[in-house]
Amino acid sequence: MENPRRLIYDLDLAELEQVFLAANEPVYRAKQVWQGLYQQLWNQPAQFTNLPKALREWLDKTFIFQNLTPDQVLYSTDRETRKTLFLLPDERAIEAVLMHYDRRKTLCISTQAGCAMGCVFCATGQMGFKRHLTSGEIVEEVLYYARMLRSEGEQVTNVVFMGMGEPFHNYDATMSAIQRLNHPDGMNLGARRFTISTVGLVPVIKRFADEKSQINLAISLHAANDELRSSMLPINRKYPIQELMAACREYIEKTGRRLTFEWALIQDVNDSVETARELSNLLRGMIAHVNVIPLNPTHKFTGKGSSRERAAAFKAELEKVGIPCTVRMRRGIDIQAGCGQLASRAEK
Ligand code: SAH
Ligand code: SF4
């Protein structure tokens, strides 16, 4: 039988109030519950000691407070990165990673189990699409790490949607999750602290541009000509580079915000100085920033990550023409922190 209880993180405050109203519970209690969830970070009805006992029991009967079961927690050898593999009630596996960069505590979270986009070098793409996550499941990934960090006297500072899945293929759930985490009476995590990364779903980029939000956007580019890009990212056949770039320019014009381009450096494929020049031609006149990261090796793709030297030369070529570029070295490669690498095994 299907569980009649709803995951409490799937509801925004207004919906929670509706449920209270419908059950003849005082509506102001809904806000107390909300604050308990998102400020106190409680995840069991028994923790809500500010509520009458009968109400706690009703909460317990009405809602699910935990959908994600941590299955494995892995630490990188430098302990700067930790990764959790979660199991969902339907046995699907997803993962989320916490990274410490400077004083930032950045979470890299999933929006789908698997991914339908099929990028050849991506472990998540290689496993195919399993299902969308609900907004509450996405929120729960963040809450899990928020609790863990709080117990260490720290807090989440940034959230990037660069785990498993394509956030713009699960747009409504992704945006609702951000709204819930952004709520002033809840976690109050500012919109600028979020970064959505997309493979380049053009109509959704346009829709997102129209929202004029402060959420950061990153585009996974990886190649500056259609032939190469289509061979690695199948979505490029549907939305080729010209269309993608037009949508990117539109986004910058409408929002005035800088755009980030992601580039996984693959040895002898897209890491030459000539390729950097091809990329700089594409980005001419844009307010853009390029993030390059040497490819993380995966089982079903033979390409190798570029060396530090090649990465530095690529960066230098871009910066010559005024395009800022950051080289991120592979963090936590020893814990398979690359997108979907752990979950694709758990699914097997
Ligand atoms: N689906 C979204 C977000 C999740 S992937 C997207 O594609 O943008 C997050 C980033 O990891 C993307 O830039 C993606 O291209 C990159 N990525 C995937 N597999 C990788 C690998 N094996 N090595 C390095 N980067 C990878
Ligand atoms: Fe999906 Fe992003 Fe992986 Fe491509 S890179 S398969 S879009 S998760």
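Whatever order the structure lists them in is the order used to number ligands and atoms, beginning at 1. The structure presented is a predicted model; accordingly, all values stated were derived computationally and were not measured.
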Per-atom contacts of ligand 2 with [X], taking only distances under 4.0 Å to non-hydrogen atoms:
X: Met117; result: 1 (Fe), 7 (S)
X: Gly125; result: 6 (S)
X: Cys115; result: 1 (Fe), 6 (S), 7 (S), 8 (S)

- Query: Hey, does the side chain of Asn270 reach the backbone of Ile266 with a donor-acceptor pair shorter than 3.5 angstrom?
  - Reply: yes

- Under the 3.5 angstrom rule, does the side chain of Arg6 hit a backbone N or O of Ile64 as a donor-acceptor pair? no

- Is Asp90 salt-bridged to Lys130, cutoff N-O under 4.0 Å?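 Looking at Asp90 and Lys130, the cut-off is not met.
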
- Message: Whether Glu137 and Arg131 form a salt bridge (side-chain N of Lys/Arg under 4.0 Å from carboxylate O of Asp/Glu) is what I want to check.
- Response: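 Looking at Glu137 together with Arg131, the answer is yes, because their closest N to O distance falls below 4.0 Å.
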
Could you list which atoms of ligand 1 come closer than 4.0 Å to a heavy atom of [X]?
X: Gly165; result: 1 (N), 2 (C), 3 (C), 4 (C)
X: Cys122; result: 18 (C), 19 (N)
X: Thr198; result: 6 (C), 8 (O)
X: Asn296; result: 21 (C), 22 (N), 23 (N), 24 (C)

- Partner of Glu166 under side-chain hydrogen bond (donor to acceptor under 3.5 Å, both in side chains), chosen from Thr174, Thr198, Thr124, Thr111: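 Of the listed options, the one satisfying the test is Thr198.
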
Where does the angle between the aromatic ring planes of [X] and [Y] fall among parallel (under 30°), tilted (30 to 60°) and perpendicular (over 60°)?
X: Phe129; Y: His132; answer: perpendicular
X: Trp263; Y: Phe314; answer: tilted
X: Phe208; Y: Phe168; answer: tilted

For [atom], which of [options] has the closest heavy atom?
atom: atom 6 (C) of ligand 1; options: Pro294, Ala264, Ser220; value: Ser220
atom: atom 16 (C) of ligand 1; options: Glu166, Glu262, His222, Gln126; value: His222
atom: atom 3 (Fe) of ligand 2; options: Ala264, Cys122, Gly114, Ser110; value: Cys122

Decide whether an N or O pair under 3.5 Å exists between [X] and ligand 1.
X: Phe161; result: no
X: Ser197; result: yes
X: Leu295; result: no

- Item | Gly163 heavy atom under 4.0 Å from ligand 1 |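 For ligand 1, residue contact (heavy atoms, under 4.0 Å) with Gly163 is present.
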
- Query: Heavy-atom contacts under 4.0 Å between Cys119 and ligand 2: side chain, backbone, both, or neither?
  - Reply: both

- Query: Any heavy atom of Ser220 sitting closer than 4.0 Å to ligand 2?
  - Reply: no

- Task: Can you spot which of Asn216, Val160, Ile215 makes a side-chain contact (heavy atoms from CB on, under 4.5 Å) with Phe194?
- Result: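 The option that passes is Ile215.
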
- Message: What verdict does the side chain to side chain donor-acceptor pair (under 3.5 Å) test give for Ser307 and Gln267, after you've listed the backbone C-alpha separation in whole Å, the side-chain angles of each residue and the deciding distance to 0.1 Å?
- Response: CA-CA 8 Å; Ser307 64; Gln267 186 184 300; over 6 Å; no

